[in-house]
*Asks:* 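For reference, the structure I am asking about is given below.
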There are 2 protein chains.
Amino acid sequence: MPTTAETRHDRVFAALASPVRREVLRMLREEGPQPVSSLAGRFAMARPSFSEHLRVLREAGLVSERRAGRQRLYRLEPVPLHEVQEWLGPFERFWRERLAGLRDVLDRMEDTDERDDIS
Amino acid sequence: MPTTAETRHDRVFAALASPVRREVLRMLREEGPQPVSSLAGRFAMARPSFSEHLRVLREAGLVSERRAGRQRLYRLEPVPLHEVQEWLGPFERFWRERLAGLRDVLDRMEDTDERDDIS
DNA sequence: ATGACACGTAGGAAATCTCCTACCTATAGT
DNA sequence: ACTATAGGTAGGAGATTTCCTACGTGTCAT
C-alpha cells in the first residue's frame, strides 16, 4: 500500500491539530534543533506522552531526529508544511475575492455611518 | 469559556485531516455553493455519516449553510483557511532557506555528475 | 391533509487518540 | 562494571472519531 499524497495530507493536518505539537514546531522554528528534554520542559505532561507527540510529528515528516550521544536532536523539516501551503494555493484566489467583497461591504457600511453622523 | 485562536486552529486542522472533508472544500471552491445531495453524491457513505462531516466543517467555520426551500446550500467560507495561511507565514522564511540549501546541494551533485560525465 | 423529499439527530459499535504508570535500551561518567 | 541520564516502548483507561441503522423535522406537491 503506497503512501499517497492524500494520506500524507491526512497525517500532516492531523499532526497540526494539537496545540502541543504546533508549539513544538514553533519552538523548533524559532530556537533551532533541540534535544527532547529542552522541548518537553515547557509542557506539563509525562514524558512518554510527549514522546508520543514527537512520534506523530515524525510520522508526518514534520520533524526529523538525529542521535547525538544519548540525546536526540529534533529538527523542523520544511517539506510537509510547504506541501500544506501548496494545497492552500488554489483557495487563495477564492478567498481574496470573498474577503475583498466583505471589505467592500464594510466600507459601504462605514460610509453610511459617516453620512448618519453628518446628517 | 471563550473560543481562543488556539482552539479554532485545532478545529480547522482537525477538519482538514480527512480526505472526504478536503474534497468537499475543493468541490465548493471549484463548483460554488451546492445543496447537500449534490455534494454527497460523490461519496460511498450513508447520508448521516456525510452530515456529520458537514457538521465538522461547519463548526470549524470552513463552510456556512443557507436554507433554501427544503435544500440547504453549503458555501465555502474564506476566513479559516486564510488564518491557516497566516499561521504558516512564519514558517515560510524558514523553509525557503532549507529548501534553497537542499537545492544548492542537489545543484552541486549535478555539477559533480557532469564533471564525471566529462572526465 | 397526505405523501414524498431533503436533511438532520439519536444512539451504538469499532477504531483511534491522548494521557497515564511501569519498564526497557543505549550512552556517558566514574 | 556500576550508576545515572536521555528517551523510548508496553499496555491500559477514558474520551473522541467515524461509520452505521432507525427515526424525527421541515418543506413542497397533490
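As the structure is a prediction and not an experimental result, all values here were calculated from the model. Chain identifiers are assigned alphabetically (A, B, ...) following the order of the sequence lines, protein sequences preceding nucleic acid strands; residue numbering begins at 1 within each chain.
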*Asks:* Which nucleotide of DNA chain D is the first, and which the last, in the 5' to 3' direction, to come under 4.0 Å of a heavy atom belonging to chain B?
*Replies:*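 In short, chain B contacts DNA chain D from D/dT18 to D/dC28.
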
*Asks:* Please indicate whether A/Arg96 has more than 12 foreign heavy atoms, meaning atoms of other residues, nucleotides or ligands, lying under 6.0 Å from its CZ.
*Replies:*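 No - once you tally the heavy atoms of other residues, nucleotides and ligands closer than 6.0 Å, there are 12 at most.
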
*Asks:* Send over the distance from A/Phe43 CZ to C/dC20 P, rounded to a whole Å.
*Replies:*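 Roughly 13 Å, once rounded to whole Å.
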
*Asks:* Measure from the side-chain N and O atoms of B/Arg58 to the backbone N and O of B/Val63, and report whether any donor-acceptor pair falls under 3.5 Å.
*Replies:*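 No; judged by distance alone, with no hydrogens or angles, the pair does not exist.
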
*Asks:* Considering just the side-chain nitrogens and oxygens of B/Ser51, establish if one lies under 4.0 Å of OP1 or OP2 belonging to C/dC7.
*Replies:*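 Checking C/dC7 against B/Ser51, no side-chain N or O comes under 4.0 Å of OP1 or OP2.
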
*Asks:* Mind calculating the distance between CZ (B/Arg47) and P (C/dG8) to the nearest angstrom?
*Replies:*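 Rounded to whole Å, this separation is 9 Å.
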
*Asks:* Taking only Lys NZ, Arg NE, NH1 and NH2, and the carboxylate oxygens of Asp or Glu, determine whether A/Arg67 and A/Glu65 approach each other closer than 4.0 Å.
*Replies:*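 Yes, charged N to carboxylate O under 4.0 Å.
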
*Asks:* Do B/Arg8 and B/Glu83 sit within salt-bridge range, that is, some charged N less than 4.0 Å from a carboxylate O?
*Replies:*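 Here B/Arg8 pairs with B/Glu83 in a salt bridge, since their nearest N and O are under 4.0 Å apart.
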
*Asks:* Please list, chain by chain and in numerical order, all residues satisfying side-chain contact (heavy atoms from CB on, under 4.5 Å) with A/Ser64, sequence neighbours excluded.
*Replies:*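 Partners of A/Ser64 under the side-chain contact (heavy atoms from CB on, under 4.5 Å) test: A/Arg75, A/Glu77.
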
*Asks:* Let me know the distance between CE of B/Met45 and C1' of C/dG8, rounded to the nearest Å.
*Replies:*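 My rounded result for the distance is 16 Å.
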
*Asks:* Please report the distance, rounded to the nearest Å, between CZ in A/Arg70 and C1' in C/dA28.
*Replies:*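 Going from A/Arg70 (CZ) to C/dA28 (C1'), I get 4 Å.
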
*Asks:* Provide, to the nearest angstrom, the distance between the CZ atom belonging to A/Arg21 and the P atom belonging to C/dC17.
*Replies:*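 Answer to the nearest Å: 9 Å.
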
*Asks:* DNA chain C: A/Ala17 or B/Phe50, which has the more 5' nearest nucleotide?
*Replies:*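 Taking each residue's closest nucleotide, the earlier one in sequence belongs to B/Phe50.
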
*Asks:* Any link between A/Val24 and A/Leu73 through a network of hydrophobic side chains (Ile, Leu, Val, Met, Phe, Trp, Tyr) touching at under 4.5 Å?
*Replies:*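 No, A/Val24 and A/Leu73 fall in different hydrophobic clusters.
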
*Asks:* Using whole Å, what does the distance between atom C1' of nucleotide C/dT21 and atom CD of A/Glu52 come to?
*Replies:*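 Roughly 15 Å, once rounded to whole Å.
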
*Asks:* Applying the 4.5 Å side-chain criterion to the ILVMFWY set and letting contacts propagate, would B/Val56 and B/Met45 be lumped into a single cluster?
*Replies:*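 Cluster IDs for B/Val56 and B/Met45 differ.
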
*Asks:* Determine the contact category for A/Pro35: base if any of its heavy atoms lies under 4.0 Å from a base atom, sugar-phosphate if only primed atoms, P, OP1 or OP2 are that close, otherwise nothing.
*Replies:*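 Sugar-phosphate, backbone atoms only, no base.
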
*Asks:* Would you mind reading off the distance between A/Arg72 atom CZ and C/dA28 atom C1', rounded to a whole angstrom?
*Replies:*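 Distance, rounded to whole Å: 15 Å.
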
*Asks:* At under 4.0 Å between heavy atoms, what does A/Ser49 touch on the DNA or RNA strands: base, sugar-phosphate, or nothing?
*Replies:*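 Base contact.
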
*Asks:* May I ask you to evaluate whether A/His53 reaches the phosphate of C/dC19, defined as a side-chain N or O under 4.0 Å from OP1 or OP2?
*Replies:*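 Checking A/His53 against C/dC19: at least one side-chain N or O falls below 4.0 Å of OP1 or OP2.
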
*Asks:* Rounded to the nearest Å, what distance is computed from the CG atom of residue B/Leu73 to the C1' atom of nucleotide C/dA6?
*Replies:*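 So the two atoms are 12 Å apart, to the nearest Å.
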
